[in-house]
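Here, residue 1 is the first one in the sequence, and each next residue gets the next number.
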Amino acid sequence: MKKILAVALIALMALTAVFANGAKESAPAEKTNTLTVWAWDPNFNIPALIEAEKIYQETHPDFKLNIVENPSKDIEVKFVTADQAGDYSTLPDIFLMQDNSYQKFIANYPGIFTTLDDSGINFADFAAGKSAMSTANGKHYGVPFDNGAVIMPIRTDIIAKAGLTVADFDGVTWSQFFENATKVKKATGIDMLTTSGGSEIVLMILQSAGASPYVNGKVNIENNAVLEEAIKIYARLIKEGLMTDYTDWDQYIASFNTGKAAGLIQGNWIISSITAAADQSGKWAVVPLPKLEGVAGATNFSNSGGASWAVSSACKNKELAFDFLKTTLGSNTALYDTLLVNNGVITTYLPAAKSSKYQDPVEFFGGQKVYSDIVSYANGVPTCDFGSYYNDIRSAITDAITNVVQKGADVKAEMKKAQEAVEFAIGG
């Protein structure tokens, strides 16, 4: 019987080799000067591709990008479908992926990616916290694009009524923040902060201390002391009337556009919504979020949102894709200057912060060099591991803080429930 199985196995291996060799000879990969790219925002990342194409065509006149607009969620669905079918031929050469999705897809659908470590891109030139989101097992899978560094924009005219200046909020601890925010509330009756989707601020505080909710392959919520403190800070902000949490995004935007709040804590991409209120030009300043006290590794820096460029396993000309990304989005400060001015794209490419455009004072923010500051904030963001379960963790923490704030539930009990909920969702 063993001999029969051995013979059968040898025959199968030989047959497999024949087909494999035949496939190589009959269907060689055809290289092309056109790269197909999937992205989703016609006002943000798609214009970035168009500008990158123009720059690359200066030295490669026959080069073309076939840009296909796809919503982010649709892109991810197509990846799952391709992986389940075992057919990656439907994938583009390059695609944009939300940073929060990378770990999940690298872990569960590794067949869609091409590692970028041989691309020639110097990933050390990008903010470490940003690069880490698309890095797994020491390998890079994404080229950082936009900047999700968290900022705390504040109304200088409102805080002035409490006798405070920007310096009183710049680089402070949470204790100092509460003291100053209380002064603003008493002097003006205006909330110090406004927000939407409470768990976001909690997660920002968590990351600012590099305290991961997923450690060594296990969920780390129940006994996470930093997370407990972050939830307590959120609850205190609400309880003391220093912050309002809006469930409706439009109401949230209106709250800081109409002066119902003296500030907010959000990813820097919120700047376009702030500057939409042209009558407030010169009345805003930007500082980083407050820092936790007594926590080793705590900083004033965190991240919220963002995306990175990836090369798919189906790419027909990986050398071209690598060179295109390296030459443009992976190193070109002139490109990032143009994208900043024309499309409001702030990068985490560190050399860009030294360019004249990033160093220009911004009148709306009182002459502050806001864009250079934001790149420096990004460089200070600690890494925070969510494993493959960002959405599960975020959902569980949202439920926890809702119960704490609205029902007066015990923080530790809710963290235990959140731990159990995530463990159940991921099957252990």
How close do [X] and [Y] get, heavy atom to heavy atom, and via which atoms?
{"X": "G142", "Y": "F123", "result": "O-CE2, 3.3 Å"}
{"X": "C315", "Y": "A321", "result": "SG-CB, 3.8 Å"}
{"X": "A132", "Y": "T383", "result": "CB-CG2, 3.4 Å"}
{"X": "F126", "Y": "L329", "result": "CZ-O, 3.8 Å"}

Under 3.5 Å, which donor-acceptor pairs do the side chains of residues 400-411 form with other protein atoms, sequence neighbours left out?
| residue | atom | partner | partner atom | Å |
| --- | --- | --- | --- | --- |
| T402 | OG1 | T398 | O | 2.8 |
| N403 | ND2 | D399 | O | 3.3 |
| N403 | ND2 | E414 | OE1 | 2.9 |
| D410 | OD2 | K412 | N | 3.2 |
| D410 | OD2 | A413 | N | 2.9 |

- Query: Parallel, tilted or perpendicular: which fits the ring planes of F177 and W174, with parallel below 30° and perpendicular above 60°?
  - Reply: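 Ring orientation, 0 to 90° scale: perpendicular.
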- Between W38 and F79, how do the two ring planes meet: parallel, tilted or perpendicular, split at 30° and 60°?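 Because their plane-to-plane angle is under 30°, the rings of W38 and F79 count as parallel.
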Could you check whether any side-chain N or O of [X] sits under 3.5 Å from a backbone N or O of [Y], counting only pairs where one atom can act as donor and the other as acceptor?
{"X": "K357", "Y": "V341", "value": "no"}
{"X": "S196", "Y": "Y246", "value": "yes"}
{"X": "S312", "Y": "I94", "value": "no"}
{"X": "E69", "Y": "A39", "value": "no"}
{"X": "D385", "Y": "V215", "value": "no"}
{"X": "W269", "Y": "G344", "value": "no"}
{"X": "N303", "Y": "G305", "value": "yes"}
{"X": "D170", "Y": "V166", "value": "no"}

- Task: Only counting residues at least two apart or in another chain, list the ones meeting side-chain hydrogen bond (donor to acceptor under 3.5 Å, both in side chains) with D245.
- Result: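 For D245, the residues satisfying side-chain hydrogen bond (donor to acceptor under 3.5 Å, both in side chains) (neighbours in sequence not counted) are Y234.
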- Item | Set of side-chain hydrogen bond (donor to acceptor under 3.5 Å, both in side chains) partners for N268, sequence neighbours left out |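 Counting only residues at least two positions away or on another chain, N268 forms a side-chain hydrogen bond (donor to acceptor under 3.5 Å, both in side chains) with N147.
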- Task: Answer with yes or no whether the side chains of T115 and D117 bring together a donor and an acceptor at under 3.5 Å.
- Result: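 There is no such pair (donor and acceptor under 3.5 Å, judged by atom type) between the side chains of D117 and T115.
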For atom [atom1] of [X], decide whether the heavy atoms of other residues, nucleotides or ligands shown that lie under 6.0 angstrom number more than 12.
{"X": "K369", "atom1": "NZ", "value": "no"}
{"X": "E420", "atom1": "CD", "value": "yes"}
{"X": "D118", "atom1": "CG", "value": "no"}
{"X": "D248", "atom1": "CG", "value": "yes"}
{"X": "D279", "atom1": "CG", "value": "yes"}

Do [X] and [Y] have side chains that get closer than 4.5 Å, going by heavy atoms?
{"X": "D191", "Y": "L193", "result": "no"}
{"X": "P290", "Y": "V172", "result": "yes"}
{"X": "I190", "Y": "K260", "result": "no"}
{"X": "F364", "Y": "Q280", "result": "yes"}
{"X": "N220", "Y": "S212", "result": "no"}
{"X": "R236", "Y": "K232", "result": "no"}
{"X": "L264", "Y": "T195", "result": "no"}
{"X": "V295", "Y": "E229", "result": "no"}

- Task: Take M243 and I238 through the test side chain to side chain contact (heavy atoms under 4.5 Å, CB included) and record every step on the way to the result.
- Result: CA-CA 5 Å; M243 180 177 75; I238 299 296; 3.8 Å; yes
- Would you check, one step at a time, whether the test side chain to side chain contact (heavy atoms under 4.5 Å, CB included) holds for Q207 with V381? CA-CA 8 Å; Q207 180 166 18; V381 177; 3.5 Å; yes
- Message: Walk me through whether Y102 and Y141 qualify under ring-ring contact (aromatic ring centres under 6.0 Å, His included).
- Response: CA-CA 8 Å; Y102 266 92; Y141 292 86; 7.8 Å; no
- Please walk me through it: do Y371 and D360 pass side chain to side chain contact (heavy atoms under 4.5 Å, CB included)? CA-CA 8 Å; Y371 303 121; D360 281 347; over 6 Å; no
Acceptor/donor pairs from residues 386-393 side chains to any protein atom, 3.5 angstrom cut, sequence neighbours excluded:
| residue | atom | partner | partner atom | Å |
| --- | --- | --- | --- | --- |
| S388 | OG | Q103 | O | 3.2 |

- Per the side chain to side chain contact (heavy atoms under 4.5 Å, CB included) rule, which among T165, V184, T188, D168 passes with I159?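 Checked T165, V184, T188, D168 against I159; only one passes side chain to side chain contact (heavy atoms under 4.5 Å, CB included): V184.
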- What residue among N224, I221, V219 forms side chain to side chain contact (heavy atoms under 4.5 Å, CB included) with Y214?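 Looking at N224, I221, V219, the match for Y214 under the side chain to side chain contact (heavy atoms under 4.5 Å, CB included) is V219.
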- Of all pairs that satisfy side chain to side chain donor-acceptor pair (under 3.5 Å), the ones with a partner from residues 331-350, not counting sequence neighbours: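 Listed once each, the pairs are D337-S355.
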- Query: So, do F113 and Y109 have ring centers that fall under 6.0 Å from each other?
  - Reply: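 No, too far apart.
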- Message: Restricting to salt bridge (charged side-chain N to carboxylate O under 4.0 Å, His left out), what partner residues turn up for E293, sequence neighbours left out?
- Response: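 Checked E293 against salt bridge (charged side-chain N to carboxylate O under 4.0 Å, His left out); zero matches.
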- Message: Quick one, I253 with F256, criterion side chain to side chain contact (heavy atoms under 4.5 Å, CB included). Give me CA distance, side-chain angles, the key distance, then yes/no.
- Response: CA-CA 6 Å; I253 300 296; F256 58 75; 3.6 Å; yes
